[in-house]
Protein chains: 2
Amino acid sequence: MKKQSPPTSKQVAEIAKVSQSTVSRVFSGMDGISEATKKRVFSTAEKIGYRPNAIARSLILNRSNLIAMVALGVQNPYYNVVINEVASRIQKMNREPLFFIAEKEKGVDQILGQVMQYRVDGIIVLSAEMSPAMAAEFEKIKTPMVIFNKLTHIANVKTICSDNEKAGRDAADHLFSRGYREPVFVGSSTFHITSLTREKGFVSRFEELGCKVQILQQIPYSYQAGKVIIEELIKSQTHFDSIFCAADLFALGAIDQLRNSSIRVPEDVGIIGFDNIEFASWPSYQLTTFSQQTETMLDACFAYLDTKLEGHENGSDIQLFPCELIHRKTT
Amino acid sequence: MKKQSPPTSKQVAEIAKVSQSTVSRVFSGMDGISEATKKRVFSTAEKIGYRPNAIARSLILNRSNLIAMVALGVQNPYYNVVINEVASRIQKMNREPLFFIAEKEKGVDQILGQVMQYRVDGIIVLSAEMSPAMAAEFEKIKTPMVIFNKLTHIANVKTICSDNEKAGRDAADHLFSRGYREPVFVGSSTFHITSLTREKGFVSRFEELGCKVQILQQIPYSYQAGKVIIEELIKSQTHFDSIFCAADLFALGAIDQLRNSSIRVPEDVGIIGFDNIEFASWPSYQLTTFSQQTETMLDACFAYLDTKLEGHENGSDIQLFPCELIHRKTT
DNA sequence: TTGAAAGCGCTACCAA
DNA sequence: TTGGTAGCGCTTTCAA
C-alpha cells in the first residue's frame with residue numbers, strides 16, 4: 001500500500017485557477033493579494049484539505065522552525081516539569097520542539113548527529129553530562145545552543161546554571177547555624193558535575209567552620225537509592241547528625257529510612273534536599289530544600305535563543321543563578 | 001548577520017571529485033560503490049563537517065521520519081513517565097519525536113494543523129480530551145494515529161486504553177469486601193471521559209451491591225486539590241467511610257487531609273487511588289491503587305504503528321487493557 | 001561503478 | 001495584483 005501524498009499548492013492553484021506562486025503568497029500571509037483571490041484560494045484549499053508543507057518550506061528557507069530539546073539521562077522528576085515548560089515555551093515562539101532523549105551519555109554522539117541532520121534552528125540541552133569529545137563536537141556547531149543547568153565551558157555555547165557551589169555553602173551555613181556538627185553529603189554520579197559542585201561548596205564551607213564532612217555517593221537516582229544508602233550509613237555505626245542530599249528524592253528516601261530506624265528528623269538528624277520537587281512540601285515530609293529559579297533561568301535561556309535567532313550577537317557566557325533555601329521542618 | 005549554511009553533498013562531491021549522486025549513494029548506504037570512493041567521500045565529508053540534510057531527504061521521500069507526540073492538558077505525573085518512554089521508543093524505531101503540548105483543549109485544532117504541516121509519519125496522542133470537531137478532523141487524516149489512554153471512537157484511529165469501567169467496578173468490589181458501605185467518588189473534569197468511565201463502573205457496581213455513591217468533582221488536578229475537596233467533604237458533615245479517587249495525586253492529598261482531621265486510614269476511611277505513581281508506594285502513604293499496564297499498552301501502540309508504517313493494514317479498533325488493583329495499606 | 005538530469009513542494013525574484 | 005521561473009539539497013531513474 002502506497003502512502004498517498006497530501007494535496008500540494010500546485011493542485012490548489014489549478015483548481016482555484018491561479019498560479020502556484022499566488023497560493024504560496026496567500027498562505028505565507030503576504031499582502032498585495034486581492035481579497036477575492038485570497039478567499040478563493042482559502043476555500044479551495046479547505047475543500048481539498050491542503051496544508052502547506054513545512055518540510056519544503058524549511059528546505060528553501062534554510063531553517064526548520066524546529067528547536068531541539070535534548071535530555072540526557074534525565075531521571076529527576078524536577079526535569080519533567082522543565083521539559084514540559086521548555087516544550088511549551090518553544091511552541092509559544094512559533095517553533096516546534098524536536099525531542100531527543102538518551103538514557104546514557106554514550107548516546108550523545110549519535111544524538112548530536114540526528115539533531116544536526118534536522119537543521120534545527122536552536123538547541124536546548126537539559127542537564128547533560130558531557131564528555132570532552134562531546135563538547136568538542138558542540139563547539140563546531142554554528143546553531144545557537146544553550147545548556148540548561150549543567151556547568152560546562154564550551155565556546156559559543158550559552159550556559160544557564162544554578163549556582164550550586166554557593167548553594168552547597170549555604171547548606172553548610174544553615175546546618176551549622178541549627179547546631180549540626182557532623183554532616184554527611186549524599187551525591188550521585190547520575191548528575192556528576194552538578195553533584196560535585198554542590199559537594200565542593202558544602203565541604204569547603206564546613207571545613208572553614210571546623211567540621212569534617214562524610215561523603216557518600218549513590219549511583220542510581222531514586223527514592224529507593226536514598227533509603228538504601230542511609231540504611232547502610234546507619235549500619236556502619238558512624239556518627240552523623242545531618243545530611244545534605246544533592247537531590248530531593250534521595251532526601252525523601254533518607255527521611256523514611258531514618259524514621260524506620262526510629263531516628264527523629266530534625267531532632268536527631270537534620271536533612272536538606274535539592275530541587276524543591278512538589279512532594280518536598282507535602283505534610284509527610286516538609287523537607288528543607290533548595291529551590292532553583294527555574295522560571296528565571298528559562299527566561300534567560302529563551303532570551304538568549306531569541307536574540308540569536310534574530311541574528312543578533314549575544315555573549316555566550318555562563319550565567320549563574322542563586323538557589324533559595326526553603327526552610328521547612330527537617331532542619 | 002546571515003545564518004551560514006552547512007555544507008551540502010554537492011560541496012563534498014566537488015572536493016572528493018565524484019558526482020553528487022555518488023555522495024548521496026554513499027550516505028544512504030547503498031551498495032554498488034567501490035570501497036575507495038566510499039572512503040574518500042566519508043573522509044572529505046568528515047573534514048568539512050558534512051551531514052545529510054534530513055529536510056531535503058524528507059521532501060523527496062515524502063516522509064519526515066518524524067512521529068508526533070501530542071500531549072494535551074497533561075498534568076498527571078503518570079504521563080511524565082509515559083512521555084519519556086514514548087519518546088525513547090520512537091527513537092528506537094529510528095524516528096524522531098516531534099513534541100506537541102497544549103494546556104487546554106482549545107489548542108488542539110491549531111496543533112493538528114502544525115502536526116500535519118510537518119508531514120509526520122505517525123501520531124501518538126496522549127490522554128487527550130477531544131471535542132467532536134477535533135475528532136472529525138482526525139478522521140480525515142491519513143496518517144497512522146493511535147490514541148493512548150483515552151476512550152475515543154474515531155474511524156481509522158487506533159485506541160489503546162485501560163479498562164476504566166472494569167477498574168471502577170473492581171474498586172467497588174474491593175471496598176465492599178473490606179466492609180466499606182458509604183463510598184465517595186472523587187473525579188476530575190481535567191480528564192473528563194476517563195474519570196467518568198471510572199465513575200460509571202464504580203457507581204453501578206456499588207448500586208448492584210446496594211450502596212449509594214456520593215460523587216465529587218474537582219477541577220484542577222493536583223495534590224492540593226485533593227486536600228481541598230476532602231476538607232470540604234469533612235466540613236459538610238456527610239457520612240462516608242471510603243473514597244475512590246480517579247487519580248493518585250487526589251488520593252495522596254486526601255490522605256493527608258484526613259490525617260489532619262485525625263481521621264484514621266484505613267480504619268475510619270478507606271482510600272483507593274489510580275495510576276500507581278511512584279509516590280503511592282512510599283511508606284508515608286502505602287496507597288491502595290490501580291496500576292495500568294503501561295508497558296503492555298505501549299507495546300500495543302507501537303506494534304500498531306509499526307505495521308501501519310510498514311504499509312500494512314491493521315484493524316484500528318479499540319483495545320482495552322485491564323488494570324491491576326494493588327492492595328496496600330489504605331483499604 | 002559512476003554521472004547527468006529530473007523533480008519533490010515550496011519561496012522569491014523578475015516581469016507583466 | 002499576478003504569473004513565470006529558478007533553485008533549496010536531496011533521491012532516483014537512465015545512460016554510460
Side-chain angles (χ1 to χ4, degrees), chain A residues 2-42 44-45 48-66 113-114 116-121, chain B residues 2-42 44-45 48-66 113-114 116-121:
Chain A
K2 250 193 122 141
K3 179 176 168 183
Q4 79 179 72
S5 310
T8 70
S9 60
K10 201 175 155 196
Q11 292 170 33
V12 176
E14 259 169 40
I15 303 178
K17 308 254 184 259
V18 292
S19 75
Q20 184 271 328
S21 342
T22 300
V23 177
S24 167
R25 278 189 274 252
V26 169
F27 272 89
S28 34
M30 295 176 59
D31 40 28
I33 308 271
S34 75
E35 276 308 314
T37 324
K38 220 181 264 181
K39 206 168 290 176
R40 195 146 39 91
V41 168
F42 275 134
T44 55
I48 67 173
Y50 167 76
R51 296 190 196 272
N53 185 330
I55 308 253
R57 172 181 278 157
S58 300
L59 182 58
I60 193 165
L61 295 183
N62 194 28
R63 75 210 269 295
S64 60
N65 261 339
L66 260 27
Q114 301 279 357
M116 294 324 291
Q117 292 199 5
Y118 277 95
R119 302 296 192 260
V120 297
D121 298 343
Chain B
K2 250 194 121 137
K3 180 176 169 182
Q4 81 180 70
S5 311
T8 70
S9 60
K10 202 175 156 196
Q11 293 171 33
V12 176
E14 258 169 38
I15 302 179
K17 307 255 184 259
V18 292
S19 75
Q20 183 270 328
S21 344
T22 301
V23 177
S24 167
R25 277 188 275 252
V26 169
F27 272 91
S28 37
M30 295 177 60
D31 39 29
I33 308 273
S34 75
E35 277 307 315
T37 323
K38 222 183 263 182
K39 207 169 291 177
R40 196 146 37 89
V41 168
F42 275 134
T44 54
I48 67 172
Y50 168 76
R51 298 191 195 270
N53 185 330
I55 308 253
R57 172 181 276 157
S58 300
L59 180 60
I60 194 163
L61 295 182
N62 195 27
R63 74 211 267 298
S64 59
N65 262 337
L66 260 26
Q114 301 279 357
M116 294 324 292
Q117 292 200 4
Y118 277 95
R119 301 297 190 259
V120 297
D121 298 343

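Each chain gets a letter, A, B and so on, in the order its sequence line appears, and its residues count up from 1.
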Task: Euclidean distance, atom CD of residue B/Q117 to atom P of C/dG9 [Å, nearest integer] - done: 15 Å
Open item on the list: Using every non-hydrogen atom in the two residues, find where B/T37 and B/I33 come nearest and quote the distance to one decimal.
Closed with: CB-CG2, 4.0 Å
TODO: Take the protein atom CZ of A/R40 and the nucleotide atom C1' of D/dT2, then report the distance between them rounded to whole Å.
DONE: 11 Å
Open item on the list: Output the rounded distance in Å from CG (B/L61) to P (C/dG7).
Closed with: 17 Å
Task: Spacing of B/I33 atom CD1 relative to D/dT12 atom P, expressed in whole Å - done: 13 Å
Task: Closest-nucleotide 5' rank along DNA chain D - winner of A/K17 and B/S28 - done: A/K17
Task: Side chain to side chain, A/R57 and B/Q117, heavy atoms closer than 4.5 Å - done: yes
Open item on the list: Using the side-chain heavy atoms of B/R119, tell me which of these nucleotides is nearest: C/dT2, D/dG9, C/dC10.
Closed with: C/dC10
Task: Sugar-phosphate only, base, or nothing, as touched by A/S24 at under 4.0 Å among non-hydrogen atoms - done: base
Task: Closest-nucleotide 5' rank along DNA chain C - winner of B/S34 and B/A56 - done: B/S34
Open item on the list: Donor-acceptor pair, distance only, cut-off 3.5 Å: does the side chain of B/S64 make one with the backbone of B/R119?
Closed with: yes
- [ ] Count the heavy atoms of every other residue, nucleotide or ligand shown that sit under 6.0 Å from NZ of B/K10, and state whether that count exceeds 12.
- [x] no
TODO: Using whole Å, report how far NZ of A/K10 lies from C1' of C/dG9.
DONE: 10 Å
- [ ] Using whole Å, report how far CZ of A/R57 lies from P of D/dC8.
- [x] 19 Å
Open item on the list: Judged by each residue's nearest nucleotide on DNA chain D, which is more toward the 5′ side, B/Y50 or B/R25?
Closed with: B/Y50
Open item on the list: Closest approach to the side chain of B/S19, judged atom by atom: which nucleotide of D/dT2, D/dC8, C/dA4 is it?
Closed with: C/dA4
Open item on the list: By the 4.0 Å heavy-atom rule, please label A/V18 as base, sugar-phosphate, or nothing.
Closed with: sugar-phosphate
Open item on the list: When you measure from the side chain of B/T22 to the backbone of B/V18, do you find a donor-acceptor pair of N or O atoms at a distance under 3.5 Å?
Closed with: no
Open item on the list: Could you tell me how far apart B/I55 (CD1) and D/dG9 (C1') are, to the nearest whole angstrom?
Closed with: 11 Å
Task: Nearest-neighbour nucleotide for the B/S21 side chain, C/dA4, C/dT11, C/dC8 considered - done: C/dA4
Open item on the list: Under 4.0 Å, heavy atoms only, any strand: does A/S58 hit a base, just the sugar-phosphate, or nothing?
Closed with: nothing
Open item on the list: Counting only side-chain heavy atoms from C-beta out, which of C/dA5, C/dT1, C/dC10 sits nearest to B/Q20?
Closed with: C/dA5
TODO: Find the distance A/N62:CG to D/dG7:P and express it as a whole number of Å.
DONE: 16 Å
